Amino acid sequence: MSDPKRLVILGAGTGGTLAANRLRKQFPPWELAIDIVDEDDDHVYQPGLLFVPFGLAAPDEIVRSRGAQLHDGITFHLNRVARVDVDANRVELGDGATLEYDVLLVATGAVLQPDETDGLLGDAWMDSVFTFYDMDGATALHDALENFTEGRLVVNVVDMPIKCPVAPLEFAFLADWYFTERGVRDAITITYVTPLDGAFTKPVASNALGSLLEDKHIEVVTEFNTGEIDNENKALVGYDGTEVPFDLAVIVPLHGGAPYVAESGDLGDELGFVPTDNATMQSMVRPNIFVLGDAADVPTSKAGSVTHFEGEVLVDNIASFLDGKPLEASYDGHANCFIETGFSKALLIDFNYETEPLPGHYPSRFGLPLLKESRINHLGKLMFQSFYWHGLLPGRDIPGIGADMPERGKATVDN
Amino acid sequence: MTIARLAGVDVQLNDEGFFVDPDQWTPEMVPQLAEEWGVPGPLTDQHWEVLNFMRKEYFEKGTGPTVRKLGKSADVSVGVKELYQLFPDGPAKLAARCAGIPKPKGCI
Ligand SMILES: Cc1cc2nc3c(=O)[nH]c(=O)nc-3n(C[C@H](O)[C@H](O)[C@H](O)COP(=O)(O)OP(=O)(O)OC[C@H]3O[C@@H](n4cnc5c(N)ncnc54)[C@H](O)[C@@H]3O)c2cc1C
């Protein structure tokens with residue numbers, strides 16, 4: 001009997017974990033050895049970070065051990081990826097160890113790069129300037145919000161791409177709710193500052209979200225390109241010299257690929273994301289390198305739902321690749337997300353590479369309302385955490401929710 | 001859609017002033033485009049580096065680059081700050097208009 005083929009997976013987050021578990025079920029260990037690497041053992045349910053600043057989720061409720069999410073027969077290496085030698089099919093780890101592979105899956109996500117914006121890590125950082133995009137930031141922001149009773153709250157996205165592009169909008173909606181509940185909303189202005197020309201990247205959804213912002217008296221500054229944070233005068237300074245003053249700033253920093261990508265020959269683009277075929281999830285770098293989730297440069301949102309839908313196509317394609325069969329080009333860019341709008345409501349959007357988010361219902365005529373605030377969507381967002389740990393990561397299918405974007409139940413809109 | 005006469009040729013532009021057909025563009029049109037869109041002159045080698053990279057990326061990848069990619073590209077010798085001096089008001093959009101390519105898709 002021949003030796004098993006070797007699959008090495010970089011990153012044990014959403015994508016790496018679900019792919020490892022699904023492939024472990026599909027291939028016996030004597031056909032495929034699976035090794036997975038991550039630099040820490042804290043698997044964070046990242047959508048939960050949005051709720052931490054408002055006291056709606058506690059940090060320990062949204063973190064679990066990475067190893068415990070992996071099925072038996074998967075080898076977990078708690079180690080940093082230092083470099084990939086794409087010509088030698090070899091991964092070099094932080095402690096000098098190496099892993100040889102037949103197939104590599106890059107699932108190291110996106111990292112925050114606050115150091116790339118002048119002044120962002122200055123004196124005001126973690127004092128009046130915060131992010132909720134990681135656990136430390138979300139936790140510190142919780143205290144800052146508790147003490148904030150008057151003044152200007154500014155929510156700013158420095159530049160795209162970012163993970164879950166609706167999360168900063170949701171933050172603004174929840175802040176409106178939070179300050180209202182505490183009876184201080186009238187003493188606080190909320191301003192949403194974005195580099196885009198509207199509230200969201202896709203026009204139909206952008207209009208719906210834009211009018212929600214208006215209803216909630218959240219001011220919007222569009223096409224603002226943050227060049228610097230002025231720590232002394234507490235202001236965002238645009239590259240064109242315009243300023244947005246704040247008392248409390250919540251910033252979504254620039255995102256890039258994991259740092260090792262830049263050390264790994266032609267593995268990544270200028271931002272450290274890996275050039276990837278939109279439909280097959282095979283990298284354009286080498287045929288035996290596949291990519292899943294935020295690490296890929298495919299033109300759809302960086303989101304857990306995307307990672308989930310991509311994952312189904314990816315797993316089939318890694319299996320086909322191992323069997324020497326042609327790949328299936330079937331990922332359509334499908335993304336959906338619940339958008340928390342405060343006061344126990346949420347709305348849901350659903351779209352792909354070709355189709356804008358449409359009004360209607362998901363996944364069929366009798367499903368959840370799309371592009372409309374409702375209580376049931378809010379429950380959907382809360383229920384999702386349980387599905388994340390018990391359905392998505394272990395690789396169980398949910399009936400009716402597949403990788404292809406459904407068209408049943410949707411209105412048609414001319415864009 | 002409007003028709004603009006640039007360097008003696010009728011060119012189709014969309015409502016936001018982007019070229020509908022990038023193949024209609026010629027370098028001779030650039031001075032007129034730059035003036036129209038308020039690019040402070042005179043045009044330098046650095047402006048041209050940017051315009052050439054915009055077109056190269058568009059034809060290779062199907063969309064022009066974002067400002068961050070422009071700033072990090074090895075083909076462009078200036079960083080993000082200088083890009084805003086060369087093409088104030090949004091380098092990616094302004095340079096796309098001058099380079100005769102559609103509006104960069106940005107990120108989703
Ligand atoms: C605040 C917030 C809210 C969000 N809300 C939503 C939402 O409502 N809906 C939704 O669908 N998505 C949401 N997302 C996005 C979602 O969490 C991500 O898109 C998803 O987790 C991507 O999965 P991934 O596997 O690509 O990356 P990740 O899950 O981030 O995993 C990447 C892994 O790689 C590891 N890694 C990186 N570099 C190295 C290295 N050098 N060596 C070893 N390991 C390394 C990291 O430790 C990490 O575990 C949100 C994200 C944030 C931050």
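Remember, predicted model here, so these are calculated numbers, not experimental data. Reckoned from all heavy atoms, side chains included, excluding hydrogens, waters and symmetry mates. Just so it is clear: chains get the letters A, B, ... in the order the sequence lines come, proteins before strands, and each one is counted from 1.
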Fill in the blank from the handout: Residue pairs passing the ring pair (Phe, Tyr, Trp, His ring centres under 6.0 Å) test with at least one member in residues 254-282 of chain A, sequence neighbours excluded, are Tyr133(A)-His255(A)

Practice task
Give, as side chain, backbone, both or neither, the part of Glu223(A) having an atom under 4.5 angstrom from any heavy atom of chain B.
Solution key: side chain

Problem - Residues from residues 274-283 of chain A approaching chain B under 4.5 Å (heavy atoms) - result: none

Side-chain donor/acceptor pairs under 3.5 Å, residues 29-42 of chain B, sequence neighbours excluded:
from	atom 1	to	atom 2	distance (Å)
Gln32(B)	OE1	Ala7(B)	N	3.2
Gln32(B)	NE2	Arg5(B)	O	3.1

Handout entry: Point-to-point distance, once rounded to the nearest 0.5 Å, from CD1 of Ile339(A) to CG of Leu50(A)
Key = 11.5 Å

Handout entry: Between OG1 on residue Thr131(A) and CG on residue Leu49(A), distance to nearest 0.5 Å
Key = 9.0 Å

Practice task
Give a yes or no on whether a salt bridge exists between Lys69(B) and Asp159(A), defined as a side-chain N under 4.0 angstrom from a carboxylate O.
Solution key: no

Report, one line per pair, each donor and acceptor closer than 3.5 Å where one atom sits in a side chain of residues 79-88 of chain B; sequence neighbours left out.
from	atom 1	to	atom 2	distance (Å)
Lys81(B)	NZ	Asp118(A)	OD2	3.1
Glu82(B)	OE1	Gly79(B)	N	3.3
Tyr84(B)	OH	Asn225(A)	OD1	3.2
Tyr84(B)	OH	Asn225(A)	ND2	3.2

Problem - Contact class of Asp197(A) relative to chain B, heavy atoms under 4.5 angstrom - result: side chain

Handout entry: From NE2 (His47(B)) to CD (Glu49(B)), nearest 0.5 Å
Key = 11.0 Å

